[in-house]
Amino acid sequence: MRSVRSWSAALLVAFAATNCAAHAADEAAIKGALDAAFAKYKDLQEGKNADYIPALAEVDPNVYGIALITVDGEVYVKGDVSTEVSIQSISKVFTMAKVMEESGPEALRDNMGVDATGQVFNSIVAIEQYKGAEMNALVNAGAITATSMVQGKTYDEIWGKILGYYRDFAGRDLTVLEDVYESEAATNQRNQAIAHLMYAYGKIEEEPVRATDIYTKQCSVGVNAKDLAVMAATLANGGKNPVTGKKVLSSEHVPEVLAVMATAGLYDDSGKWLYRTGLPAKSGVGGGIIAVSPGKFGIAVISPPLDAAGNSVRAQNAIADISNAIGGNPYAVTPK
Ligand code: GLN
């Protein structure tokens, strides 16, 4: 007769084998979804590079890379995942997370707010409507304000903290793309106006010029698709970087970060995006989009041509297809 011990050993082996087979099937499904989405949108010619920041108009519109990283740290890539573009508005997520970590989630809710504006990302009308409140840290006004809320005495101290925080999310040293920074710094009069309005309404407490400059610098940080996917996967994994193992953001704050991404991550098209995918996400005018399937994976696509709302056309299509193909929508549940 078989001993209990050998039964349980046999069961364990059988269980491991089933697990392995399921894992291989998952792996094949993810790879297949990346390959299919890459091929489907490779030749799509819709959209146009952002050009209100002159350096962005010069970026090769054919750069196209997809990266997906699971909460177990498994990396799937397709296309160009080494070319860096400027992170732009995707940076807003991580500065917002830093403020949450330092001052608590209510600091953001009670200052610029956590609501959708329904307006374009650099809207001045949206500021005027509620005197700098009832908006969020993912549109320019709220984002420059969030940057002003990062604690520190000097420019260098604040900037060092922000860049260090992005590094921990990405799991590698990141640097500023100087040409993009200089180009935006020379043409960011509208953001300077936005910062001064937020200062006038008491949302930025001091140094609006410094806050705008640090914000411009954070938007110019260079990232490739893989960096962005690691950053997204860190949010998918409760704030712990699944590649480096470093805890970057308190798990209790991750849901609040994801809530603002779901509300406002794709600006005034956030509702359409959520309807299509259910995924908290964030776009940048450099052409990147990150999206988070909580507890499952982070995904990022870079492709510079944007639609009218300022969101990458190929990135939206590829992420939606891939996530929907592998069950990424957190609202989709199979009944028991
Ligand atoms: N740096 C850009 C700006 O302030 C970021 C905008 C974006 O990516 N939507 O206009």
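Order of appearance sets the numbers: ligands from 1, and atoms from 1 within every ligand.
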Report task. Could you list which atoms of ligand 1 come closer than 4.0 Å to a heavy atom of Cys219? Result -> 1 (N)
Query raised in the report: Between Glu256 and Arg109, is there a side-chain N and carboxylate O pair less than 4.0 Å apart?
Result: no
Requested in this report: Check the side chains of Glu84 and Thr175 for a donor-acceptor pair under 3.5 angstrom, ignoring hydrogens and angles.
Outcome: no
Requested in this report: Take Leu235 and Leu258 through the test side chain to side chain contact (heavy atoms under 4.5 Å, CB included) and record every step on the way to the result.
Outcome: CA-CA 8 Å; Leu235 292 171; Leu258 297 181; 4.2 Å; yes
Query raised in the report: Of all the non-hydrogen atoms in the protein, which one sits nearest to atom 7 (C) of ligand 1, and at what distance?
Result: Ser89 OG, 2.5 Å
Report task. May I ask you to list the atoms of ligand 1 that are less than 4.0 angstrom from any heavy atom of Gly284? Result -> 8 (O)
Requested in this report: Kindly confirm or rule out an N or O of Ile53 lying under 3.5 angstrom from an N or O of ligand 1.
Outcome: no
Query raised in the report: Quick one: does Ser283 get an N or O within less than 3.5 Å of an N or O on ligand 1?
Result: no
Report summary line: Counting heavy atoms under 4.0 Å, the part of Val285 that contacts ligand 1 is both
Report summary line: Residue, atom and distance of the protein heavy atom nearest atom 10 (O) of ligand 1 read Tyr52 OH, 2.5 Å
Query - Nearest heavy atoms of Met135 and Ala141, plus distance in Å - result: SD-CB, 3.6 Å
Query - Tyr201 versus Gly132, closest heavy-atom pair with distance - result: CD1-N, 4.0 Å
Query raised in the report: For atom 9 (N) of ligand 1, which protein heavy atom lies nearest, and how many Å away is it?
Result: Tyr267 OH, 2.5 Å
Report task. Please determine if Asn191 has a nitrogen or oxygen closer than 3.5 Å to a nitrogen or oxygen of ligand 1. Result -> yes
Query raised in the report: Is it true that atom NZ of Lys226 has more than 12 heavy atoms of other residues, nucleotides or ligands lying nearer than 6.0 Å?
Result: no
Query raised in the report: Which atoms of ligand 1 sit under 4.0 Å from any heavy atom of Gln88?
Result: 1 (N), 2 (C), 5 (C), 8 (O)
Query raised in the report: Where does the angle between the aromatic ring planes of Tyr52 and Phe121 fall among parallel (under 30°), tilted (30 to 60°) and perpendicular (over 60°)?
Result: tilted
**Report entry** Worked check of ring-ring contact (aromatic ring centres under 6.0 Å, His included) between Phe94 and Tyr165
**Finding:** CA-CA 7 Å; Phe94 304 97; Tyr165 203 51; 7.8 Å; no
Query raised in the report: Which atoms of ligand 1 sit under 4.0 Å from any heavy atom of Tyr215?
Result: 1 (N), 2 (C), 3 (C), 4 (O), 5 (C)
Report task. Take every heavy atom of Gly310, measure it against each atom of ligand 1, and state whether any distance is under 4.0 Å. Result -> no
